[in-house]
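First listed ligand is number 1; within each ligand, the first listed atom is number 1.
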Amino acid sequence: MCGIVGIIGGEKGTNVVPELIRGLERLEYRGYDSAGIAVIGNGIERIRSVGKVANLRGKITDAMVGDLGIGHTRWATHGKVTEDNAHPIMSKDVAIIHNGIIENFKSLRFILQTEGYVFESETDTEVILHLLQRELLKGSSPRQAMSNVFKMLDGTFAVVAMFLHFSDTLLAMRHKSSLIVGLGKESMYVGSDAGALSDSCEEVVYMEDGDIVEMHRTDGIVFFNTELEEIKRRRHGVTSALVNIEKGEYPHFMLKEIKDQPNAIRNTILHNGIDKTLLDGISNILILACGTSYHAGMVAKYWFEKYLKIPSIVEIASEFRYRSPVIQEHTLVFSISQSGETLDTLAAIEYVRSNSNCSTIAVANVKNSATARASDIVFYTQAGVEMGVASTKAFTAQLIILASISFCHNDFLMDKLKEIPTLCEDALDLAPEVEKIAHIISKSNNAIYLGRGMMYPIALEGALKLKEISYIHAEGFAAGEMKHGPIALIDDQVPVIFLCPSGELFEKTLSNIQEVLARGKNVIVITDSNGEMAFPPDVAKIVLPTIQAEFAPILYSIPLQLIAYYAAVQRGTDIDRPRNLAKSVTVE
Ligand code: AGP
């Protein structure tokens with residue numbers, strides 16, 4: 001979602017424009033639909049553009065120079081995707097950028113309009129600009145103005161502001177939307193994630209809710225609370241993992257990340273020894289997550305109940321807090337989030353913390369991310385930075401952590417876990433075959449994914465992946481539910497992808513395949529070397545290596561990711577930045 005970058009050049013006169021654009025390019029993976037920068041040079045100069053940062057770059061001339069500036073990628077919430085609504089939003093002498101949503105913007109806008117303030121955009125952000133302006137007119141310093149305005153806003157916000165008459169200072173404030181301050185050798189930075197700042201910073205400080213920061217070119221950085229009392233914040237070294245993330249030989253990050261999976265899984269197994277006492281005294285497990293991470297949670301529910309014998313529920317984090325759930329004592333609460341910044345997941349953790357004494361465990365891919373910081377224990381997936389909006393390697397790495405916990409009392413399965421990376425390599429070797437099969441799907445406007453047991457969440461995940469990047473309408477169902485409704489969708493056109501590993505539910509899934517074959521002809525079966533003989537020769541098949549049944553969800557994810565990828569390539573979509581989607585979903 002929206003991305004923020006702000007820079008104070010080390011020396012007066014250092015032009016920050018090129019670095020602002022580079023920062024915005026690094027934020028592109030988050031998903032956005034317009035971009036802009038503003039610098040203090042000859043007054044405040046601003047350039048904005050709809051579409052890619054490349055469009056913005058094309059509009060910038062050598063005449064735009066400034067030694068302090070802000071930049072933003074906007075993912076539209078309030079107001080259409082237009083240049084007027086793109087950030088920075090500015091007046092003659094103040095410019096701001098904002099991530100999040102101001103929930104009381106309508107009433108604030110009304111008050112400001114009755115006082116004569118004229119709005120030039122449809123954004124909720126513009127109320128922040130005019131409120132700051134109003135405070136300055138009353139005689140407040142920029143710091144005081146930020147603190148006063150902070151208290152007037154409801155909702156979520158990360159805001160960075162610059163003031164023409166304080167041309168060595170950036171001010172920023174955070175409430176439930178990530179903001180990170182970076183310290184370089186000479187320059188200072190503020191960004192919505194460490195990735196925006198990575199190659200320039202040696203240390204970062206994660207701002208907390210309620211923090212205001214004043215960054216001054218020569219006086220340094222000071223953090224305040226909303227009462228303007230000075231507070232201390234810890235500095236962290238920047239990990240090299242964030243630096244220089246390139247596609248290398250691959251045409252898309254998504255393909256690179258799919259192919260990274262054997263290593264991501266290997267590293268995740270290596271780095272996460274599980275302390276078996278973690279589960280002592282636990283009577284229930286609650287799993288909170290959204291999207292793909294929710295699907296990982298659904299698989300974990302099967303594992304936790306079958307192998308740990310602990311009743312488990314998995315909840316869509318965006319729904320959880322609104323039904324006033326009762327959390328039983330001795331519940332162990334997991335949150336699963338690749339980004340660690342998903343607002344709904346974070347809010348669900350906060351609900352648990354305010355309504356129970358239960359321990360919280362975060363499974364996250366991003367070091368020091370919000371869910372990690374909000375939880376008692378963190379297990380980091382070691383997938384490395386995931387740039388593609390469609391989560392692939394982070395998902396299978398999440399499954400590895402959850403499997404390691406589920407099977408921590410079972411030495412046989414823990415040993416078998418170590419075979420997964422090699423089996424994934426074998427599955428990836430099938431990419432050319434999968435690419436051919438993807439043609440069946442890319443020609444269709446609909447697709448159905450079916451699986452039973454642990455393969456049901458993987459069917460949901462396969463459908464989500466296809467929707468996200470190819471824009472083909474796809475639905476996943478539990479195969480046994482077919483005859484309760486979805487079978488009405490079957491005709492001789494719609495591709496139906498069955499996940500059918502050999503094992504306990506093989507015969508039952510086979511019957512469901514027969515039911516579909518009797519009504520349609522576009523069946524694609526993903527199975528293994530033990531199962532393949534059971535299917536008629538004219539059924540399209542992807543034959544994976546046979547894997548320990550418990551781990552099939554991990555292996556079967558790979559051909560589904562490849563199907564989505566190749567179908568999207570065949571349709572010519574923007575694979576790493578699919579329309580309307582964001583990598584970190586930081587608003588409700
Ligand atoms: C995954 O492909 C999606 N982009 C999306 O569903 C994602 O999994 C969801 O937004 C949750 O994100 P998180 O894992 O960062 O919390």
Side-chain angles (χ1 to χ4, degrees), residues 1-3 28-32 75 177-178 192-193 195 252-255 257-258 261 264 287-300 314-320 334-350 361-375 378-381 383-399 401-402 449 457-458 460-471 474 476 557-558 560-565 568 573-588:
M1 286 204 159
C2 304
E28 285 191 288
Y29 81 100
R30 291 168 69 100
Y32 69 104
W75 187 86
S177 186
S178 166
S192 44
D193 68 45
H252 301 102
F253 276 111
M254 184 179 178
L255 184 61
E257 287 159 3
I258 291 173
Q261 286 177 109
I287 307 166
L288 304 164
C290 297
T292 289
S293 298
Y294 172 74
H295 297 150
M298 285 179 77
V299 175
V314 51
E315 295 254 3
I316 296 172
S318 55
E319 288 291 319
F320 176 70
F334 284 80
S335 68
I336 310 173
S337 173
Q338 182 283 132
S339 61
E341 299 294 342
T342 302
L343 187 132
D344 285 314
T345 308
L346 188 60
I349 300 171
E350 279 163 8
I361 297 183
V363 178
N365 195 43
V366 180
K367 269 258 162 76
N368 290 311
S369 48
T371 59
R373 284 180 282 130
S375 304
V378 191
F379 289 108
Y380 284 114
T381 45
V385 178
E386 191 176 67
M387 297 293 283
V389 166
S391 187
T392 52
K393 62 178 181 173
F395 174 65
T396 47
Q398 288 167 347
L399 290 176
I401 302 256
L402 298 162
Y449 288 72
I458 301 304
L460 297 180
E461 174 57 13
L464 177 65
K465 220 72 315 159
L466 187 71
K467 273 188 273 224
E468 280 189 301
I469 56 163
S470 73
Y471 318 146
S557 299
I558 290 181
L560 297 186
Q561 296 164 353
L562 287 170
I563 286 178
Y565 174 75
T573 57
D574 189 350
I575 291 177
D576 287 332
R577 288 169 210 141
R579 70 179 176 209
N580 306 336
L581 292 183
K583 186 70 182 162
S584 302
V585 183
T586 50
V587 296
E588 282 198 52

Distance to 0.1 Å, residue and atom name: give those for the protein heavy atom nearest to atom 5 (C) of ligand 1. Glu468 OE2, 3.9 Å
So which protein heavy atom does atom 15 (O) of ligand 1 come closest to, and at what separation? Ser339 OG, 2.6 Å
Quick check: do [X] and [Y] have side-chain heavy atoms less than 4.5 Å from each other?
| X | Y | result |
| --- | --- | --- |
| His252 | Glu257 | no |
| Ser337 | Ser339 | yes |
| Asp574 | Arg579 | no |
| Val389 | Met254 | no |

Under 4.0 Å from any heavy atom of [X], which atoms of ligand 1 are there?
| X | answer |
| --- | --- |
| Ser391 | 1 (C), 2 (O) |
| Val585 | 10 (O) |
| Ser293 | 8 (O), 13 (P), 14 (O) |
| Ser337 | 13 (P), 14 (O), 15 (O), 16 (O) |
| Val389 | 2 (O), 4 (N) |
| Lys465 | 1 (C), 2 (O) |

Could you name the option among Ala390, Ala364, Cys290 that has the heavy atom nearest to atom 11 (C) of ligand 1? Cys290
Closest by any non-hydrogen atom to atom 8 (O) of ligand 1: pick that one out of Thr342, Thr392, Thr292. Thr292
Donor-acceptor pair, distance only, cut-off 3.5 Å: does the side chain of Asn365 make one with the backbone of Ala383? yes
Please check if the side chain of Thr342 supplies one atom and the backbone of Val585 the other of a donor-acceptor pair under 3.5 Å. no
Salt bridge Arg30-Asp193, side-chain N to carboxylate O under 4.0 Å: yes
Are Arg577 and Glu28 close enough for a salt bridge, meaning some N to O gap below 4.0 Å? yes
State whether the shortest distance between N or O atoms of Lys583 and N or O atoms of ligand 1 falls below 3.5 angstrom. no
